[in-house]
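Right, one structure below, let's go through it.
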Amino acid sequence: MKKKTVKLTLYRYAGKFLFFRIKNRCQECDITYVILQRLMAEQLHGKPVSLEIVPWLDNFWKVIWRGGWHAPILTVNGKVFSQGKVPDIPKLLSTIGKILNDTSLIQTGEVQLEKAASLEIESEITVYFSPACPHCRQLLSYLDGNGIKYLGRDVTKSESARNEVERLTGRLAIPVIVAKGEIISSFDRNRLKNLFGISDDNEKVVKSDSRKIIPQFTDSQLRTIYQKARNVLDNNWIEGWTMPSNRLYPHLWNWDSGFVSRGYLHYDPERAYTELRSLFRGQWSDGFLPHIIFNPEYTNHFPGPDYWKADNSGKVPSGIFTSGISQPPVHATMIVDSAKLDPDKERALSFLNEIYPKLKKLHDYYFTERDPHSENLVSIVHPWESGLDNAPLWDEPLAAITNTSEWALSMKNKYDELAEQGKRPKRTYIEKYSYIIENLYKNNYNWGKILENHPFLIQGVLFNSIFCKSEQDLGKIAEAIGYDANIHYERADKVKKAIDKKLFDKNEGIYYNFDLVQQKHIKRDTIFSYMPLFAGIPDKNIGKVVLDSLRTHCFCIVDMDCVAIPSYDMCQVDFDGEFYWRGPVWVNINWYLAQGVRQYGEAELSEWIENSLIALADRYGFYEYYDPDSGKGLGEKDFSWTAALIIDLIARRLVS
Ligand code: GLC
């Protein structure tokens with residue numbers, strides 16, 4: 001007897017037919033896609049069930065005669081099972097179970113059906129929301145305005161509410177409304193109108209709290225803010241280099257120094273050069289550039305030199321103390337305009353001549369030592385190498401590290417003690433961070449050996465975009481001083497292609513980091529996913545798709561209803577506007593994004609971002625980061641890169 005099989009086909013709202021091409025996203029299609037993928041990997045794993053995902057518009061004629069009109073359309077062995085909405089998963093499981101005569105599947109389906117029913121008995125309409133998510137606020141005001149009663153569940157207060165969101169939709173994004181057997185995971189007025197029978201005449205439309213106003217400044221206001229920013233840098237400048245801030249960060253940090261040099265170029269170019277000379281004094285003999293060069297005045301910083309044991313490498317310049325991980329190579333980009341900005345052109349060219357071999361050595365290092373499978377993508381070996389220390393991007397890769405060591409545990413205890421005393425901020429992952437670092441120093445910072453079996457290895461979107469742009473700019477520097485520029489342009493092109501090929505997710509219209517240990521993309525919707533824009537990586541068409549995706553997520557792009565762009569999608573259940581790298585506005589990231597969107601035709605958005613940054617500094621001061629909703633300054637006060645990049649923005653305005 002022939003074995004029974006089940007063929008599932010999902011027709012997503014995408015594709016083209018003759019001159020038509022679908023550009024918009026259909027959220028139900030995305031959710032259905034995620035749920036089905038998950039189902040295949042979990043309940044249907046090992047069962048004779050196949051899943052095919054096809055773009056609807058290219059294939060619509062295959063289902064239309066079976067009654068399938070509205071994507072997402074799911075067919076089971078050719079028959080339309082559901083359309084126009086997320087399919088009923090328990091029912092799907094029991095249908096498949098019945099075809100396959102698989103009692104366990106039928107039972108799983110029935111148990112889930114019962115659970116779903118009890119959820120609805122509790123309340124007819126449930127809305128999952130968080131106070132920070134703008135689409136949630138719009139949805140709640142809409143329901144209130146139209147007199148619809150609901151049970152609101154705040155996902156920031158209830159773990160079970162978060163779990164329900166994931167169970168119902170297969171993702172961790174809000175708002176979600178469950179009503180009359182439907183699940184709607186966005187603020188979709190048309191669907192709400194249909195669902196609740198609201199007529200055009202009776203509909204109460206709530207005005208969104210848009211701040212779509214581009215802050216404007218007079219030249220004299222700009223000069224005052226510029227002067228304040230200079231004061232911040234001047235106060236943080238000590239003996240040839242700049243502290244990121246004088247309390248928590250009294251050492252020299254790698255990418256901070258790069259940003260800071262950009263600020264100095266505008267008013268004291270000699271200092272910009274001195275800053276970078278100081279940073280490159282810490283460059284190891286293999287070209288590696290550490291993320292911290294320690295200030296010998298502050299010997300009791302934790303984690304300090306004995307934590308990193310960088311000397312094990314035998315590559316650290318003598319008399320210098322450094323960490324053993326790096327940070328994004330922003331430097332070439334920050335100084336590429338020296339010859340234009342420095343009134344003493346000779347001096348600028350002579351500095352570029354001096355720094356070029358060091359920069360080249362650094363870039364060579366990344367190509368040769370950090371690309372284990374020769375894919376033209378740099379891998380980072382620790383979350384902090386990204387510069388985005390605490391981003392949600394690292395949660396999954398860190399969760400996958402289950403080993404530990406005595407040393408890692410002792411470091412965690414030491415850190416916890418300092419945090420208790422208020423000397424360091426509280427951190428969750430110190431033990432895992434330390435476990436990763438142990439593998440570096442135990443292998444004497446022999447990168448080849450480390451990469452063979454390292455617990456954390458990620459091809460990052462932001463890191464590689466910065467690297468790509470820096471290679472382009474190193475090419476320009478090489479040209480200016482008479483070196484071969486092609487090697488850099490060619491390498492930049494290779495990285496660009498590799499980012500597009502490996503890190504771009506066509507279905508989502510977004511770039512994702514790739515985890516080489518777990519061999520999968522890290523699908524977290526952070527703003528860093530859009531950084532390829534500033535490096536000119538996507539072509540015009542892909543650029544449009546990426547911008548569409550940026551608009552559909554909660555990054556305040558459409559209504560501009562934040563103080564600037566947050567670092568994490570505000571409609572994610574674990575968004576936190578005050579916790580570093582998990583939501584707040586960062587000036588350096590916004591600075592990159594503004595340049596990126598401008599290159600792809602969004603001049604107004606770009607101007608709004610840049611002017612909003614200046615307004616933030618003016619109103620609240622030069623903070624490390626800001627709450628995207630209230631604008632409150634957070635983290636360190638008088639933070640160097642914030643001041644430096646504001647100087648850059650203002651200088652451009654005063655000149656033009
Ligand atoms: C934090 C940031 C990092 C920065 C450092 C110094 O660790 O995450 O990007 O370089 O502070 O400012």
Side-chain angles (χ1 to χ4, degrees), residues 232-233 235-238 241-263 275-276 278-279 282 289-295 298 301-304 307-308 322-331 334 380-395 398 415 418-419 423-430 433-434 436-437 458 460-463 465-466 526-528 531 566-568 576 578-592 622-626 633-646:
V232 170
L233 287 189
N235 286 333
N236 289 343
W237 165 262
I238 44 164
W241 57 275
T242 313
M243 296 179 281
S245 78
N246 62 17
R247 197 187 62 98
L248 195 59
Y249 306 120
H251 306 281
L252 196 166
W253 259 266
N254 179 332
W255 75 332
D256 298 62
S257 245
F259 294 127
V260 155
S261 66
R262 178 82 202 171
E275 175 79 36
L276 290 179
S278 300
L279 170 64
L289 191 64
H291 97 300
I292 300 178
I293 320 285
F294 287 102
N295 178 353
Y298 287 82
H301 181 92
F302 181 82
Y307 179 81
W308 298 98
T322 77
S323 69
I325 55 167
S326 195
Q327 265 186 337
V330 299
H331 325 89
M334 297 304 141
I380 55 169
V381 297
H382 193 283
W384 296 347
E385 278 203 325
S386 65
L388 320 168
D389 301 22
N390 198 35
L393 295 170
W394 321 123
D395 291 352
L398 288 173
Y415 188 93
L418 293 172
K423 292 189 185 144
R424 302 284 292 152
K426 289 213 163 48
R427 298 274 182 266
T428 327
Y429 294 123
I430 296 293
Y433 293 154
S434 305
I436 298 171
I437 286 154
I458 310 278
V461 173
L462 175 66
F463 199 105
S465 303
I466 288 180
T526 61
I527 196 66
F528 320 116
M531 289 298 134
S567 42
Y568 191 26
D576 184 340
E578 297 202 355
F579 199 13
Y580 92 142
W581 297 116
R582 288 181 175 263
V585 165
W586 289 78
V587 169
N588 59 344
I589 300 299
N590 273 263
W591 182 84
Y592 277 130
F622 300 87
Y623 274 86
E624 189 179 1
Y625 45 94
Y626 301 85
L634 298 162
E636 290 294 278
K637 196 168 176 265
D638 294 335
F639 190 67
S640 296
W641 87 41
T642 301
L645 296 177
I646 295 291

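Order of appearance sets the numbers: ligands from 1, and atoms from 1 within every ligand. The structure displayed is predicted, hence computed values, not measured ones.
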Close-range residues for ligand 1, whose non-hydrogen atoms fall below the 4.0 Å threshold: P244, Y249, W253, W255, D256, Q327, G387, D389, Y580, W581, F639, W641

Residue pairs fulfilling salt bridge (Lys or Arg N to Asp or Glu O under 4.0 Å) with at least one residue in residues 636-645, sequence neighbours excluded: R247-E636

Where P328 and N254 come nearest, the two heavy atoms and their spacing: O-OD1, 4.3 Å

Those residues that, when tested against E624, pass salt bridge (Lys or Arg N to Asp or Glu O under 4.0 Å) (two or more places apart): none

Side chain proximity check, D576 to Y568, heavy atoms < 4.5 angstrom: no

Contacts of type side chain to side chain contact (heavy atoms under 4.5 Å, CB included), residue L418, not counting sequence neighbours: F302, Q421, K423, R424

Stepwise side chain to side chain donor-acceptor pair (under 3.5 Å) test for Y307 and S434: CA-CA 9 Å; Y307 179 81; S434 305; 2.8 Å; yes

